Amino acid sequence: MHTNKQILTKGIKLLVFALPLMFIGPSVIFSSFKNQNHPFYIPILGIGIILCLLSMFLIFKGIQTIMKSLFNN
């Protein structure tokens, strides 16, 4: 059994894209909570939540892709 390097690279790229989102999302949420009186509080909070969810999705897909490359599903 050999590892499919193209699929492994794709999985690692997904994890690399998720890494900055893991820090940007909570930072955006924190900044929106600090400015609750601002009129853009709800949209900024929504953007932060979307960024966190996107980060979780990319991590899931990245790990799933890496496992697929290792075990040749």
Side-chain angles (χ1 to χ4, degrees):
M1 274 172 73
H2 296 283
T3 302
N4 190 340
K5 302 225 187 269
Q6 292 175 339
I7 296 176
L8 180 66
T9 306
K10 182 180 176 185
I12 292 173
K13 283 182 185 178
L14 287 172
L15 292 178
V16 166
F17 288 137
L19 185 64
L21 292 177
M22 289 183 347
F23 295 102
I24 294 171
S27 298
V28 171
I29 290 173
F30 178 75
S31 70
S32 72
F33 279 133
K34 291 204 43 136
N35 298 315
Q36 289 184 359
N37 296 331
H38 198 275
F40 290 123
Y41 164 67
I42 298 295
I44 298 299
L45 180 64
I47 289 171
I49 291 171
I50 289 171
L51 290 175
C52 287
L53 291 174
L54 182 62
S55 171
M56 289 189 296
F57 176 74
L58 287 175
I59 290 170
F60 173 75
K61 291 302 284 185
I63 292 173
Q64 187 179 28
T65 305
I66 290 172
M67 290 297 119
K68 189 188 311 181
S69 74
L70 292 176
F71 297 115
N72 293 327
N73 260 354

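Remember, it's a predicted structure, so these values are computed and weren't measured experimentally. The chain is numbered in sequence order, starting from 1.
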- [ ] State, to 0.1 Å, how close V28 and I44 come at their nearest heavy-atom pair, and which atoms those are.
- [x] CG1-O, 3.5 Å
TODO: Output all residues satisfying side-chain hydrogen bond (donor to acceptor under 3.5 Å, both in side chains) with K13, sequence neighbours left out; order by chain, then residue number.
DONE: none
Task: Connected via hydrophobic side-chain network under 4.5 Å: M56 and I29 - done: yes
Open item on the list: Working to the nearest 0.5 angstrom, can you tell me the gap between T3 OG1 and K68 NZ?
Closed with: 14.5 Å
TODO: Output the distance between atom CG (L70) and atom CG (N4), rounded to the nearest 0.5 Å.
DONE: 10.0 Å
Task: Distance-minimising heavy-atom pair for S32 and L45 - done: OG-CD1, 3.5 Å
TODO: Determine, using the 4.5 Å side-chain heavy-atom cutoff (strictly less than), whether F33 and I47 are members of one ILVMFWY cluster.
DONE: no
Task: Option passing side-chain contact (heavy atoms from CB on, under 4.5 Å) with L58 (candidates L53, V16, L19, L21) - done: L21
Open item on the list: Are there over 12 heavy-atom neighbours, none belonging to F60, within less than 6.0 Å of that residue's CZ?
Closed with: no
TODO: Rounded to the nearest 0.5 Å, what's the gap from CG on L54 to CE on M22? Could you check?
DONE: 12.5 Å
Open item on the list: I need the I59 CD1 to L14 CG distance, nearest 0.5 Å.
Closed with: 10.5 Å
- [ ] Would you kindly confirm whether F71 and I63 end up in one hydrophobic cluster when ILVMFWY residues are joined by side chain heavy atoms under 4.5 Å apart?
- [x] yes
Open item on the list: More than 12 heavy atoms of other residues, nucleotides or ligands under 6.0 Å from CD of Q6: yes or no?
Closed with: no
Open item on the list: Donor-acceptor check, side chain of S55 to backbone of L51, threshold 3.5 angstrom: yes or no?
Closed with: no
TODO: Please answer: with hydrophobic residues joined when any side-chain heavy atoms are less than 4.5 Å apart, are I50 and F57 in the same cluster?
DONE: no
